[in-house]
Structure formats: C-alpha cells, structure tokens
Amino acid sequence: MKNIVFISGATADIQSQWLAILKQELVNESILLPEQISDSQAKDIDIAIVANPEAKDLARFPNLVWIQSLWAGVEKLIAAVVDKPIKLVKLDDPQLAKTMAESVLAWTLYLQKNMVDYAQQQVNKQWQQLPCITSSELRVSVLGAGALGIAALASLKKLDYQVSCWSRTPKQLQGIKNYLGSAGLQTMLSKTDILINLLPLTPETYHLLDKALLSKLPQGAKLINFSRGAVIDSEALLKLLEIGHIAHAVLDVFEHEPLTPNDAMWGNPNITVLPHISAPTNMHSAAKVIAKNIIRYRENNIMPHAVDVQRGY
C-alpha cells in the first residue's frame, strides 16, 4: 500500500471529511496528513492531494511525481513546480463545471430581471414595475472557454441569449461567436451587455480588465466575476461604477479574501458581494475524479493531463 499526502489549509472537520471520502474511493492507498508522515517516509511520497498548500509543506516531499489540486484554479501552486519535474494537475470535474454553469445562469438572470433594484425598492417600500429586456435581446459575453466556460456558454445558449466568448485559441461552438486576440476582445466588449469573467489568473491576465478595456463596454453594461479577483483592476472598476458607465458588478472573488470589514465594496450599492461560492468543489464527485486519476497512474503509469506551468493553466 502506497502513501499519499493530503495537504489542506481547511479546518480539522473539513480535513476529516475529505480523508474519509478519499479513503473510501482509494482503498489501496494510505492517505495521510503531513504530521502523520515521518521524514524518512516523506522521501517515498510520489503523489500529493492538495488545497492551497504552503510552499514549505510541499518542499518536505522531495520525490513528488505529481500534485493533484482539489480546485480548478492553480495559480498559487505554479511557483512550487515551475523549476521542478513535478506535474501539476488541476481538478477537472464535470460536476464543478455544472455548478459553475448554474451560478453563471442564476446571476445573469439576477441582473437581467432587475433583482438588485427590486430588493432596494422593498427596502424603500416602493411599488414600481421596471422594464425587463428579453433574453434574446441581451448580449452576454464570457471571457474564457475552457471546461467551465464551455459549460457556462451552453447554459446561456439554452435560454436564447446572444452569446459570445473570448479565448486564447479558436473554439468551434455552435451558435456562439468566438473572438480572439486583443482586437477581438475590444470588439466583443463593445457588443456586450453582461460580461462574465471565467479566465484563469496568469501573468497575462493579471489586471487584464483595466480602465481602458472596461471602458470599451457600452454605457450601462454589467459585470460578473467568478474566476479570480486580480483579473480585474478593482480601482478602475470602482471608478466606472461610480460614474455609471458600468451599472452593476456581481463579484464572487477578490484580490484579497475575505474582504476586510472596512472595505468600501461592502456598502457599494452597485456591487453584489459574494463570499467565493460560485463553484465550490463537491467532495464526492471530486474524490471520484481524483481516484480515477490515481488508479490509472498506479495500474498503467498514465499521468493525468497536467497544467502548462508556463501559461499558468
């Protein structure tokens, strides 16, 4: 029986839940916490299952072959493997994509159906029916067309939105306009009523949505950010919200989490703050995906698809 290390910054209760589920799926593996592994045993560990570990926690295991992340976002792990022959595998779980697609659809409808305004009207005891644009008239654009983006695009298309996406490589998606490159991004933004960001955070996407690009959106456009906070220049966003160029932003991710109690975003009426809940990892489905990866590796020496650490995803 091989040892696998499980490294997580979660509470003891959450760690226990993960361990129980993983052990149920991987009966031929011994899954241990770092403190349960001696220094001599650490040299024999070849697989780490992780959730946002500290670099020092990984450094204790010098012979890792691959690191399996419990999350789809892996930007914090890149530094741990960039100069090492270690493969980094992000979580590629169909359930995660489905959950993200549901959140994208829910919050797109939230913006489309004037729910922000109706909530405020209730506070003000104001009875006023507001005009609502139909889905077929609404231009919704998604930044990123990986597994999560494609699932989101499919869910939007089912409700007959005018759907577009921007991606690094060309995508052939029926009924969905695909834009590429810097010029393509600017063109897409100029034709967008609701912009949804699902881009991974990389050196190329850090503050990609700055004042210049966000200003390409039409007056009164709305924004949903479900990937990483640092893809958007928050100061630029706040300025454009203040002048009404962007009407509302639904933000589930921030450069620094959690938001401090005195952060201005809490009280901004043009921002809906969410506590990073758009696509939480499902323990049971994720454990099945991870177990399949590990069993395939043990039996056939076949590695899962690894992240391109130079690109960051």
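Residue numbers start at 1 and run along the sequence shown.
When the ring-ring contact (aromatic ring centres under 6.0 Å, His included) test is applied to Y110, the partners found at least two apart in sequence or on another chain are W107. In this view, D83 satisfies the salt bridge (charged side-chain N to carboxylate O under 4.0 Å, His left out) rule with no residue, not counting sequence neighbours.
Judged purely by distance below 3.5 Å, without hydrogens or angles, the side chains of S190 and Q186 never pair a donor atom with an acceptor atom. D160 and S135 form no side-chain donor-acceptor contact under 3.5 Å, judged by distance and modelled atom types alone. Judged by distance alone, the side chains of Q17 and D13 do bring a donor and an acceptor atom under 3.5 Å apart. Inspection of the H284 and Q24 side chains reveals no N or O donor paired with an N or O acceptor under 3.5 Å. Judged purely by distance below 3.5 Å, without hydrogens or angles, the side chains of S215 and H245 never pair a donor atom with an acceptor atom.
Residues K191 and T187 form a side-chain contact, since some pair of their non-hydrogen atoms from C-beta on lies under 4.5 Å apart.
Classification of K239 and E235 as a salt-bridged pair fails, no side-chain N sitting under 4.0 Å from a carboxylate O. With respect to E29 and R298, a salt bridge is recorded, a charged nitrogen being found less than 4.0 Å from a carboxylate O. Between K98 and D93, no side-chain nitrogen of the basic residue sits less than 4.0 Å from a carboxylate oxygen of the acidic one, so the salt-bridge criterion is not met.
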Show which side-chain atoms of residues 172-180 pair as donor or acceptor with protein atoms under 3.5 Å away, not counting sequence neighbours.
from: N178; atom 1: OD1; to: K171; atom 2: N; distance (Å): 2.7
from: N178; atom 1: ND2; to: S167; atom 2: OG; distance (Å): 3.0

One pair to check against side chain to side chain contact (heavy atoms under 4.5 Å, CB included): F226 and V250. What are the steps and the verdict?
CA-CA 8 Å; F226 282 169; V250 175; 4.3 Å; yes
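Counting only distance, with no hydrogens or angles, the side chain of Q15 and the backbone of S8 share a donor-acceptor pair below 3.5 Å. Side chain of T192 to main chain of S141: no donor-acceptor pair is present (N/O by atom type, distance under 3.5 Å, no hydrogens or angles).
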